[in-house]
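A short worksheet on the structure shown next.
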Amino acid sequence: MEYNFTAIEKKWQDYWLEHKTYTAVTGSDKPKFYGLIEFPYPSAAGLHVGHPRPFTAMDVVTRKKRMEGYNVLFPIGFDAFGLPTENFAIKNHIHPAIVTKNNIANFTRQLRMLGYGFDWDRCVDTTDPQYYKWTQWIFLQMFKKGLAYKATMPVNWCTGCKCVLANEEVVDGVCERCGSEVVRREKSQWMLAITKYADRLVDDLDDVDFIQRVKLQQRNWIGRSTGAEVDFMTTLGDTLTVFTTRCDTLFGATYMVISPEHAVLEKWADKLTNLAEVREYQAAAARKSDFERTEMAKDKTGVKLEGVMAVNPVNGREIPIFISDYVLATYGTGAIMAVPGHDDRDWEFAKKFGCEIIEVVAGGDVTKEAYTVKDESGIMVNSGFLNGMTVKDAIPAMTRWLEEKGLGPEKINFKLRDWVFSRQRYWGEPIPVVNCPKCGWVPLPEDQLPLLLPEVESYELTDTGESPLSAMTDWVNTTCPCCGGPAQRETDTMPQWAGSSWYFLRYMDPDNDSALVSPEAEKYWGPVDWYNGGMEHTTLHLLYSRFWHKFLYDIGVVHTKEPYAKRTSHGMILGQNPHYVGNVETEEEKQALIDKYGSDALRQSVKMSKSLGNVVNPDDIVNQYGADTLRVYIMFIGDFTQAATWSDSAVAGCKKFLDRIWNLASERREGDAVSSAHEKEIHKTIQKVGQDIEELKFNTAIAQMMTLVNNFYKTAPSRGDIRILLQLLSPFAPHIAEELWEIQGFEGLCCQSAWPTFDEKKMVDTEKTIAVQVNGKLRSTVTVPADSDAETVKSAALADRKIAGYVEGMEIVKTIVVPNKLINLILKPKK
RNA sequence: GCGGGUAUGGCGGAAUUGGCAGACGCAAUGGAUUUAGGUUCCAUCGGCUCACGCCGUGCAGGUUCAAAUCCUGUUACCCGCACCA
C-alpha cells in the first residue's frame with residue numbers, strides 16, 4: 001500500500017476537528033498543563049516557514065503531555081490589529097476588517113493543514129469587539145489607578161508609518177517595522193506608567209524559569225542603577241541636582257554638565273553673558289534625532305555657560321558648568337557632575353575643553369585615559385576623609401556623609417521609560433476616553449464598552465499627526481459622561497502591543513461576556529506553564545505583558561504575580577543566500593559578488609526575504625511531502641535554540657524516514673509483545689525521546705527514532721515494537737502515526753494512548769565494550785561482562801594481543817579504570 | 001564601549017557533562033533490483049599514508065593518566081544594549 005500522505009492527513013484533520021480531540025476542559029481532575037506559543041499576526045503573505053518551528057515544538061510538547069495524562073490547554077489566536085493590514089487596506093481600498101477576516105481564514109487553513117492539536121473552540125482575535133472590549137476595560141482600570149495619563153513630550157515619530165513609536169520599537173534610529181527614519185516630535189500622548197512596576201519587573205524575574213538570556217536582556221533594558229542625588233550650589237543661587245553612581249569620586253568633580261533641554265537654562269537666560277551661543281547650541285541639539293546624537297557619540301560638543309559657576313560641596317571649589325548633548329534630559333536629573341579622571345565620557349570632554357583632571361582613585365594613569373574600576377582594588381587618593389579607603393567602602397561612606405549633610409539621598413534610577421501608548425492610526429483599539437472642556441479627560445463608563453471603531457471612508461494618513469479618526473466628526477463629537485456637555489472622543493488608537501498583553505488570559509475563558517476571565521477559569525489554568533517565543537519580543541511583548549499581568553494581579557483579576565512560569569526561545573529559520581560567494585567558481589565572480597553586495601556576500605545563510613527569492617512557503621512543502629514530513633524536518637533541522645538554515649534536500653531525507661516507517665507498518669504485523677531483539681533499544685528510545693522533548697532537543701529525539709527504525713530493517717519488528725514506535729512518533733508526525741495505529745488495529749487513538757514507560761533494567765547491557773588506552777591513546781577495545789571490577793578489566797586488556805605487544809618490555813606504573821567504559825595503562829620502559 | 005552567545009568532516013549537526021570525536025541526516029561513491037529514470041535495498045564515506053601508523057573539534061599555550069568539554073591568552077562571526085552618569 002502506498003503512503004498517500006495527502007489523503008491520510010486530510011482524513012485525520014477532519015476527524016480531530018469533528019471529534020474535538022484536543023478540547024481542553026476547564027476544571028478537570030487531571031493535572032493541567034498550559035502550553036503557549038506567540039499567536040501570529042495574520043499577514044496577507046500567509047504563514048512563513050519560520051512559524052512552524054515554535055508551533056511544532058510546543059505541539060510536540062503538549063501532545064506528549066496529553067499522552068502522559070495531563071489536561072492540556074494549547075490554544076491559538078490572532079494578533080490582528082496593526083499597520084501592515086491597514087496599509088494593505090489603504091492600497092487596495094478594502095476595509096481592514098475584511099482584509100483581517102481573509103487573512104485569518106488563510107492562516108487557519110494553513111495551521112489546520114499542519115495538524116496542530118489546538119483547541120479551536122478557544123480561538124481569539126484581538127480585532128473582535130468582544131475581545132477588545134476587555135483590552136479597553138483594562139485601559140480604563142489603569143486610567144482609574146492613575147497609570148494611564150496624557151503627557152506632552154518629545155516622542156519618536158516614524159516618518160513612514162506617520163505615527164509615534166514606543167522606545168522599544170525604535171531600532172538603530174529607524175522604525176523596527178518599516179525601516180523609515182524616526183524623528184523627534186513634541187506631541188501629547190497617552191502614556192502607561194510601566195516605570196512604577198520597574199522594581200517588581202526586575203525582582204520577580206528571580207522566581208520564574210526563564211532562559212538566562214531573556215532575564216539578562218530584561219534586566220538590562222530596565223537598567224536599574226543605585227546611586228545618590230547630590231545638590232551643587234551655584235553662584236546664581238539655584239541648586240543643581242545631579243545623579244551619580246560614583247559619589248566616591250566627588251572630590252574629582254572638576255566641572256558640571258547639563259543637558260541642552262535643562263529647565264534651569266530658562267531661569268538663567270538673562271544672566272548668561274554668552275546666551276546667543278547657548279541658544280544656538282540648544283537649537284542645534286533640538287534638530288538632531290536621538291540617533292544622530294548617539295552617532296556623534298565619539299565627538300563631544302558643548303558650550304561653557306558664562307556668568308555662572310557651581311560649587312563642589314565637598315571642598316567648596318568653584319567649578320564651571322557646560323551644556324552638552326551627551327547628557328540626556330530624560331535620565332536622572334538631566335545634569336551630571338563630571339569626574340574626568342574616572343569616567344570615559346567626561347575624560348574625553350575634559351580633554352577637548354581643557355578642563356582639569358584630578359586623580360581620586362589610584363591605579364591608572366589619568367593623563368592617558370580615565371581609570372574606571374570600581375571594585376575593591378581601587379584606593380582613594382586626593383579625597384579628604386575618603387583617602388586610603390577602597391572604592392567599595394568609599395561609596396557607602398560618602399553616601400552616608402551626603403545624607404548627614406543634607407546634600408542628597410540615596411537614589412535608584414531606571415533606563416526604562418514610561419510606555420507611549422497612543423498611535424495616530426485607524427486599525428487599533430479606540431482609547432475609551434472623552435475630552436470635556438469642563439471635566440478634562442473622562443473615562444467612558446464600562447457599560448459603554450466596547451467602544452467600536454467607526455466606519456470611515458478613508459484610512460489615508462495625514463501628515464498633521466492626527467489619526468484618521470479625527471475626520472469622523474459624527475463619532476468624535478459626543479457628550480461628556482460626567483457633565484453631559486459637549487465633548488470629544490480621543491482619536492488616537494492603542495498600539496499593536498495592547499491586545500497581546502493579556503491574550504493568554506482570554507484563552508482560559510474565551511466566551512465570557514461579563515469578565516475578561518472568570519476567577520474559576522483563571523485559578524484553574526493560570527499561570528501559563530510553558531511559553532515559547534522569539535527573542536525579538538523580550539523587551540516588547542514579553543515585558544509589556546508581564547507589566548499588565550502585575551497590574552491585573554494588583555486589582556485582583558489574576559492570582560499569580562507572573563503570567564508565565566517558564567519561557568524558552570527558538571532560533572530563526574534562515575534561507576540560502578543566493579549571492580553567497582561560495583556558490584561561484586572563479587575569483588573574478590567572487591570579487592564581483594563582494595563588490596555588489598558587500599559583506600552580505602560572505603554569508604551562506606540569510607533571513608528569508610521576497611527580494612532575495614529564498615522564501616519557503618509551507619504550502620509547497622506540504623503539497624510535495626506532507627505535513628508530517630515538514631513537522632519532522634523542522635524539528636530535525638538542528639538545535640532548537642540556534643538559528644538554522646533551510647535545506648530542500650534534507651527535507652527529502654525526513655520524508656524517507658517516514659516512508660521507511662510506512663513500509664514497516666502499513667501491513668498488520670504479528671506478536672503483541674516487545675520483541676527481545678529490540679527490547680533494549682526500544683527502552684532506550686522511550687527514555688531518550690521523552691527526555692529530549694522536555695529539554696527541547698527534538699533533533700536528537702528524532703535521530704534516536706531513526707536509529708530504532710534502522711534496527712527494525714535489520715531485524716523485523718513485532719506488532720508490539722511498532723506500537724511503541726508509533727506512540728513516540730505521534731507527537732512529531734501525528735497523521736501517519738494515527739493511520740498506522742489504525743492499520744495495526746490498536747484500540748482508540750494513538751494520540752490518546754498512554755505515553756510508554758521505560759524500564760532501566762531492560763536497558764542494561766550484559767556485556768560492555770571497554771576502550772583500552774595505552775598512555776592515554778586508544779589502542780584496542782575488549783568486551784567484558786557488565787560491571788566487571790578493575791582487575792577483570794585489566795586482565796582482559798592484557799590478554800588482548802595488540803595490548804600485549806605494547807606492554808612487552810614495559811612496566812605498568814599506573815592503571816586507571818572507569819567502570820564499564822575505559823581502562824588506561826600508563827607504561828614506561830623497564831629499567 | 002558594555003553584556004550574552006557561537007566556532008566540530010563537503011553540508012546540517014551528535015558527544016551520557018573530563019573517558020572510544022564525528023551518533024542521526026544530507027550530499028558523494030560503489031553494488032543489487034529495474035528496459036530506463038525515479039524508488040527501494042546493501043555497502044563505503046574526517047585528513048595524510050600501499051600499509052604499520054600519524055594528524056585532527058577557530059588559533060596559541062596550560063592543567064590532567066585522559067580535554068571538543070576545565071584554565072589563560074587570542075581571532076572571527078552572530079545577537080542585544082549603547083553618551084543611562
Side-chain angles (χ1 to χ4, degrees), chain A residues 171-172 212-214 216-221 223-225 227 242-246 249 257 259 290 293-298 300 324-328 330-339 342-346 348-349 372 413-417 535-536 538-539 571-572 582 599 602-605 633 636-639 641-654 656-657 659-660 663 687-688 691 697 699-707 709-710 713-714 769-781 813-827:
Chain A
V171 178
D172 290 341
Q212 212 51 35
R213 272 194 304 165
V214 168
L216 277 167
Q217 247 181 62
Q218 289 208 347
R219 285 202 185 101
N220 227 310
W221 183 260
R224 178 162 69 186
S225 69
V242 303
F243 173 73
T244 178
T245 57
R246 290 296 303 277
T249 62
V257 187
S259 73
D290 265 8
R293 277 168 75 150
T294 57
E295 271 298 88
M296 317 242 192
K298 270 123 224 152
K300 297 274 183 290
S324 172
D325 62 5
Y326 86 88
V327 171
L328 305 176
T330 49
Y331 185 78
T333 62
I336 62 152
M337 64 175 208
V339 184
H342 305 284
D343 181 281
D344 291 324
R345 298 151 301 178
D346 297 345
E348 220 177 287
F349 189 88
T372 56
N413 261 319
F414 297 94
K415 286 194 216 174
L416 187 69
R417 301 271 76 93
M535 281 306 291
E536 70 276 16
T538 302
T539 53
M572 230 190 314
S599 61
L602 300 173
R603 284 176 235 279
Q604 195 169 358
S605 313
Y633 173 62
F636 186 63
I637 193 167
D639 183 336
T641 64
Q642 300 285 125
T645 310
W646 183 269
S647 153
D648 286 322
S649 57
V651 182
C654 289
K656 200 162 104 180
F657 168 59
D659 281 336
R660 278 159 70 82
N663 291 338
Q687 183 191 37
K688 180 130 186 78
Q691 220 168 54
K697 290 157 83 175
N699 51 338
T700 48
I702 292 168
Q704 178 59 38
M705 286 191 277
M706 287 174 169
T707 305
V709 169
N710 289 346
Y713 269 78
K714 292 187 184 101
T769 306
I770 305 289
V772 183
Q773 296 182 342
V774 175
N775 291 334
K777 294 206 166 183
L778 181 71
R779 295 302 181 190
S780 184
T781 57
V813 289
K814 198 169 175 187
T815 308
I816 292 113
V817 177
V818 181
N820 290 331
K821 284 222 163 76
L822 166 145
I823 177 166
N824 189 3
L825 302 169
I826 312 302
L827 306 181

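Chain naming here is simple, since letters A, B, ... match the order of the sequence lines and numbering starts at 1 in each. Side-chain atoms are counted along with the backbone in the values below, which use heavy atoms only and exclude waters and symmetry mates. Because the structure is predicted, anything quoted here is derived from the model rather than measured.
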Name the nucleic acid region contacted by A:Arg224, choosing base, sugar-phosphate or nothing; use a 4.0 angstrom heavy-atom cut-off, strictly under. nothing
Is it true that A:Tyr633 and A:Trp646 have ring centroids separated by less than 6.0 Å? yes
Which heavy atom of A:Asn820 sits nearest to which heavy atom of A:Ile770, and what is that distance? C-CD1, 3.5 Å
In whole Å, measure the gap between the C1' atoms of B:A15 and B:C83 for me. 46 Å
Report yes if a side-chain nitrogen or oxygen of A:Ser225 is closer than 4.0 Å to either non-bridging phosphate oxygen (OP1 or OP2) of B:A85; otherwise report no. yes
Over all atoms of both residues, closest heavy-atom pair of A:Gly776 and A:Asn824: N-OD1, 3.0 Å
Round to the nearest Å and state the distance from A:Lys415 atom NZ to B:A85 atom P. 7 Å
Let me know the distance between CE of A:Met535 and P of B:C79, rounded to the nearest Å. 13 Å
Using the glycosidic torsion, which applies to B:G73: syn (within 90° of 0) or anti (everything else)? anti
Scan A:Lys697 against the nucleic acid and name what it touches under 4.0 Å (heavy atoms): base, sugar-phosphate only, or nothing. sugar-phosphate
Atom C1', compared across B:U8 and B:C77: separation rounded to whole Å: 16 Å
Distance, P atom - from B:A67 to B:A21, rounded to whole angstrom: 10 Å
With a 4.0 Å limit, can you tell me whether A:Lys777 has a side-chain N or O closer than that to the phosphate oxygens OP1/OP2 of B:G56? no
Interatomic distance at C1', B:A51 relative to B:U40, whole Å: 37 Å
Using the P atom in both, what is the distance from B:A68 to B:C20, to the nearest Å? 10 Å
We want to know whether A:Asn710 and A:Arg660 form a side-chain donor-acceptor pair, criterion being a heavy-atom distance below 3.5 angstrom. yes
Atom CZ of A:Phe349 and atom C1' of B:A85: how far apart are they, to the nearest Å? 14 Å
Please report, rounded to the nearest Å, how far the C1' atom of B:C79 is from the CD atom of A:Gln217. 8 Å
If you measure from the C1' atom in B:U75 to the same atom in B:G13, how many Å do you get, rounded? 24 Å
B:U34: syn or anti, per glycosidic angle within 90° of 0: anti
With nearest nucleotide decided by heavy atoms, which residue, A:Lys688 or A:Asp343, maps closer to the 5′ end of RNA chain B? A:Lys688
Rounded to the Å, how far apart are A:Arg779 CZ and B:C65 P? 18 Å
Starting at CZ of A:Arg224, measure out to CZ of A:Arg219 and round the result to the nearest 0.5 Å. 9.0 Å
Which part of the nucleic acid, if any, lies within contact of A:Phe657, taking any heavy atom under 4.0 Å across all strands shown: a base, the sugar-phosphate backbone alone, or nothing? nothing
Inter-residue atom distance A:Asp343.CG - A:Thr244.OG1, 0.5 Å rounding: 8.5 Å
Shortest non-hydrogen contact from A:Asn699 to A:Asp639? ND2-N, 3.7 Å
Shortest non-hydrogen pair, A:Met337 vs A:Arg246, comes out as CE-O, 3.6 Å
Please name the pair of heavy atoms, one in A:Tyr331 and one in A:Ser225, separated by the smallest distance, quoted to 0.1 Å. OH-OG, 3.1 Å
Find out whether A:Thr815 and A:Ile826 are in side-chain contact, i.e. whether some heavy atom of one side chain is under 4.5 Å from a heavy atom of the other. no
Of the options B:A85, B:A82, B:C65, whose atoms approach the side-chain atoms of A:Ile826 most closely? B:C65
Whole-Å gap separating P (B:G1) and CG (A:Asp344): 11 Å
Under-4.0 Å side-chain N/O to phosphate OP1/OP2 contact, A:Tyr331 with B:C83: no
Any side-chain N or O of A:Arg219 under 4.0 Å from OP1/OP2 of B:C2? no
Rounded distance in Å between the C1' positions of B:A14 and B:G22: 7 Å
Rounded to whole angstroms, how far apart are CG on A:Asp325 and C1' on B:A82? 15 Å
Rounded distance (Å) that lies between atom P of B:A82 and atom CG of A:Leu216: 16 Å
Tell me the closest heavy-atom pair linking A:Val257 and A:Ala338, and the distance in Å. CG2-CB, 4.5 Å
If the sugar-phosphate is the primed atoms plus P, OP1 and OP2 and the base is the rest, what is the B/S/- string for nucleotides 19-27 of chain B, using protein heavy atoms under 4.0 Å? BB--BBSS-
Taking the six-membered ring for Trp, are A:Tyr326 and A:Phe349 parallel (under 30°), tilted (30 to 60°) or perpendicular (over 60°)? tilted
By nearest-nucleotide position on RNA chain B, the 5'-leaning member of A:Ala335 and A:Ile637 is A:Ile637
Under 4.0 Å, heavy atoms only, any strand: does A:Asp639 hit a base, just the sugar-phosphate, or nothing? sugar-phosphate
Go ahead and write out RNA chain B as dot-bracket, 5' to 3': ( ) for pairs within the strand, [ ] for ones crossing earlier pairs, | when the partner sits on another strand, dots for unpaired; Watson-Crick or G-U wobble, both distances under 3.5 Å. (((((((..(((......[....))).(((((.......))))).(((....)))..(((((..]....))))))))))))....
If I pick the C1' atom on B:C45 and the same atom on B:G30, what distance separates them, to the nearest angstrom? 11 Å
